[in-house]
Amino acid sequence: MALLPILCYPDPKLHRVAKPVAAVDARIKTLIADMRETMYEAKGIGLAATQIDVHERLIVIDVSEERDQPIVLINPELSWTSAEKHLNEEGCLSVPGIYDGVERFDAVHVRALDGDGQSRVIEADGLLAVCIQHEMDHLMGKVFVEYLSPLKRNRIKTKLLKAQREDAR
Ligand code: K1U
Ligand code: ZN
């Protein structure tokens with residue numbers, strides 16, 4: 001297994017739209033294992049392939065307390081969304097140190113292939129529903145800060161670019 005570097009906002013590669021996974025083969029299974037290890041090491045509850053510069057529709061998630069219930073979503077599609085939406089505090093491994101409120105559906109049903117290539121429907125609410133919507137946005141090239149005001153977004157951009165310049169010294 002390998003730890004993979006995570007792209008940091010405002011890297012333009014975070015805005016690429018991912019293509020469907022063509023086959024759940026050995027390459028994808030290795031990628032899933034590496035993404036899972038990278039997510040756990042970064043202490044995240046989710047990771048989309050876009051964030052590690054792989055532009056295919058693949059997500060790993062684990063919202064369990066014990067960090068022992070990983071979920072793999074390949075080619076995910078929302079099949080149902082609740083009528084109700086609420087504001088939830090979100091963070092992102094690609095936007096380190098920034099947390100803000102985003103409005104999301106309270107509950108979703110998502111159809112996807114699992115890590116064995118089997119078709120599944122996951123019925124999610126709470127943090128899992130929020131995380132699925134956040135990660136599916138990544139696959140569409142959307143980062144959560146794009147829901148914030150232009151003023152907040154520009155402040156975040158400036159702060160992260162400064163931190164990246166200082167890290168590169
Ligand atoms: O996509 C990512 O970068 C992972 C991201 C997922 C996420 C967190 C919170 C709400 C929606 C999606 C993270 O794991 S950020 C770090 C984190 O563990 C966390 C942050 C805030 C609340 C809960 C967890
Ligand atoms: Zn994210």
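Worth knowing before you read on, the calculation uses all heavy atoms, side chains too, and leaves out hydrogens, waters and symmetry mates. Please read all numbers here as calculations on a predicted model, not as lab measurements. Just so you know, ligand 1 is whichever comes first in the structure, and atom 1 is the first atom listed for that ligand.
For ligand 1, residues of the protein lying within 4.0 angstrom by heavy-atom distance are K43, G44, I45, G46, Q51, E90, G91, C92, L93, Y99, V130, H134, E135, H138.
Rounding to 10 degrees, one finds that the Zn ion (ligand 2) sits at the corner of an angle of 120° between H134 NE2 and C92 SG.
By the 6.0 Å contact criterion, CZ on R67 is enclosed, its count of non-hydrogen atoms from other residues, nucleotides or ligands being greater than 12.
Annotation: the span from H86 atom NE2 to N88 atom CG amounts to 8.5 Å, rounded to 0.5 Å.
In this structure, D25 has no side chain to side chain donor-acceptor pair (under 3.5 Å) partners at least two apart in sequence or on a different chain. Contacts of H109 classified as ring pair (Phe, Tyr, Trp, His ring centres under 6.0 Å), with partners at least two apart in sequence or in another chain: W80.
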Residues 37-48 side chain polar contacts: donor-acceptor under 3.5 Å, at least two apart:
{"unit_1": "E37", "atom_1": "OE1", "unit_2": "A2", "atom_2": "N", "d": "3.1"}
{"unit_1": "T38", "atom_1": "OG1", "unit_2": "L4", "atom_2": "N", "d": "3.0"}
{"unit_1": "T38", "atom_1": "OG1", "unit_2": "D34", "atom_2": "O", "d": "2.7"}
{"unit_1": "Y40", "atom_1": "OH", "unit_2": "D62", "atom_2": "OD2", "d": "2.5"}

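For the pair L160 and V95, the minimum side-chain heavy-atom distance is below 4.5 Å.
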